[in-house]
Amino acid sequence: MKYYSTNHKTSPVALAEAVKKGLAPDKGLYMPEKIARLPEKFFENIGDLNFHDIATTVATAFFGEDIPAGDLKKIVCDTLSFDTPVVNVHDNIFSLELFHGPTLAFKDVGGRFMARMLSYFIRQNGSRRKVTVIVATSGDTGSAVANGFLGVEGIDVIVLYPEGKVSEIQEKQFTTLGRNITALEIAGNFDDCQRLVKSAFMDKELNGMLTLTSANSINVARFLPQAFYYFNAFAQLQRKGVAKNVVFCVPSGNFGNITAGLIALKMGLPVKRFIAANNRNDVFLEYLQTGVYTPRASVQTIANAMDVGDPSNFARVMDLYGNSVEAVRKDISGCRYTDEDIRQTIAEVYDKYGYILDPHGACGYQGLADNLRPDETGIFLETAHPAKFKDTVESILGKDMEIPAKLQEFMKGEKKSIRMSADFEDFKDYLKTRA
Ligand SMILES: *Cc1c(COP(=O)(O)O)cnc(C)c1O
């Protein structure tokens, strides 16, 4: 199957190329040419299927023409080495816990899938040359990508992160791994890191010496697999006997996660509607209200993975809905929460129901608490484990929380990074040594 650019200024490309390139040359985002509707029978009995079988069916709809069934199933099953359980918080509100992967956030699914798919294409290609994945991170992306690619043959990963600007937990998750993962600690901010990555992709000399690839979240191999857990969540609701009038509420930043849900909807998943939950970065809510999209600089909040002022996947939402705000409104509504709201939600839900939310999931929960009707089943995406935001959450709860063993393991590891200036020539010289 071919993938076209949302800007329509370049020709559609094959899957392997879309995965290697990430962004289309006209700066658009790649979209699959076909979004197949799955047969109704699949949904009638989905509760009888396990996560691997459900995900394999969904993956086949996208990648089945390009990757043989056996290889694809292996990629899917290796990716999903953990479950995405649905937990009842109270009444008709459920949490879809996406934090049971190696780095305790939903980005593990896309990161692990992309690593395995890229590795498959490299082997297919028969090329002996290593592929170098370079990725800039402000925290969570680096850990999901680094852990996803850890030990994957034929691929080197270089993570660039701003010195002193990521939390200790986040830093440990990509600086302690070793093997094929290298962390560069840049004397600058996140924008500097991103600039260095972009400059490297544009540098002719470097591209002649190395095969560079981006693992940006807009990559189709990171984006599409996120649809898997929407189907798996529905299956679990069906087993619980509450799969009617299902409403998904998605804490959103770059809008990749919710867009994968919209793709699931297009494939026939019986979802009634979606809610996009924002923090104070609410350009999408404003778009729903006014019909005008006005990107702006992001503001810092305690749900920092949602601090995005110009969500890149907005282009995909527009593409799916033919640029019609009326059409978007039929499927998606929005809501917005301040840091104060988020704190209150975390405190209240813990007090009343004993469930600990992270700041992102708190926006998702509150979006349901404020908008769900009694005849609906609401399910919010709990996008990260609360312990990843330990200081924030503990200060709200007024007590220490348990740190999962996986996170403690990372904390024990020894940080190894290479310090570097934010000057492109330094970065380039370093990359040359890796050729
Ligand atoms: C990345 C992230 C989000 C935002 O997801 P998008 O796909 O960018 O909308 C929400 N919560 C957490 C914990 C994240 O890491």
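Both ligands and their constituent atoms are indexed starting at 1 by order of listing.
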Between ligand 1 and the protein, give all atom pairs where both partners are nitrogen or oxygen and the distance is under 3.5 Å, as lines of names plus distance to 0.1 Å.
{"residue": "ligand 1", "atom": "7 (O)", "partner": "G256", "partner atom": "N", "Å": "3.2"}
{"residue": "ligand 1", "atom": "7 (O)", "partner": "N257", "partner atom": "N", "Å": "2.9"}
{"residue": "ligand 1", "atom": "8 (O)", "partner": "N254", "partner atom": "N", "Å": "2.7"}
{"residue": "ligand 1", "atom": "9 (O)", "partner": "G253", "partner atom": "N", "Å": "2.8"}
{"residue": "ligand 1", "atom": "9 (O)", "partner": "N254", "partner atom": "N", "Å": "3.2"}
{"residue": "ligand 1", "atom": "9 (O)", "partner": "F255", "partner atom": "N", "Å": "2.8"}
{"residue": "ligand 1", "atom": "11 (N)", "partner": "T383", "partner atom": "OG1", "Å": "2.8"}
{"residue": "ligand 1", "atom": "15 (O)", "partner": "K107", "partner atom": "NZ", "Å": "2.5"}
{"residue": "ligand 1", "atom": "15 (O)", "partner": "D140", "partner atom": "OD2", "Å": "3.2"}

Going by ring-ring contact (aromatic ring centres under 6.0 Å, His included), F228 matches just one of F234, F113, F51. Which one?
F113
Look at the rings of Y287 and F314 and say which category their plane angle falls in: under 30° parallel, 30 to 60° tilted, over 60° perpendicular.
perpendicular
Is K9 salt-bridged to D26, cutoff N-O under 4.0 Å?
no
Are R316 and D319 ion-paired here, with the side-chain N under 4.0 Å from a carboxylate O?
no
Kindly assign one of parallel, tilted or perpendicular to the pair Y4 and H8, based on the angle between their ring planes and the thresholds 30° and 60°.
parallel
Between E409 and K412, is there a side-chain N and carboxylate O pair less than 4.0 Å apart?
yes
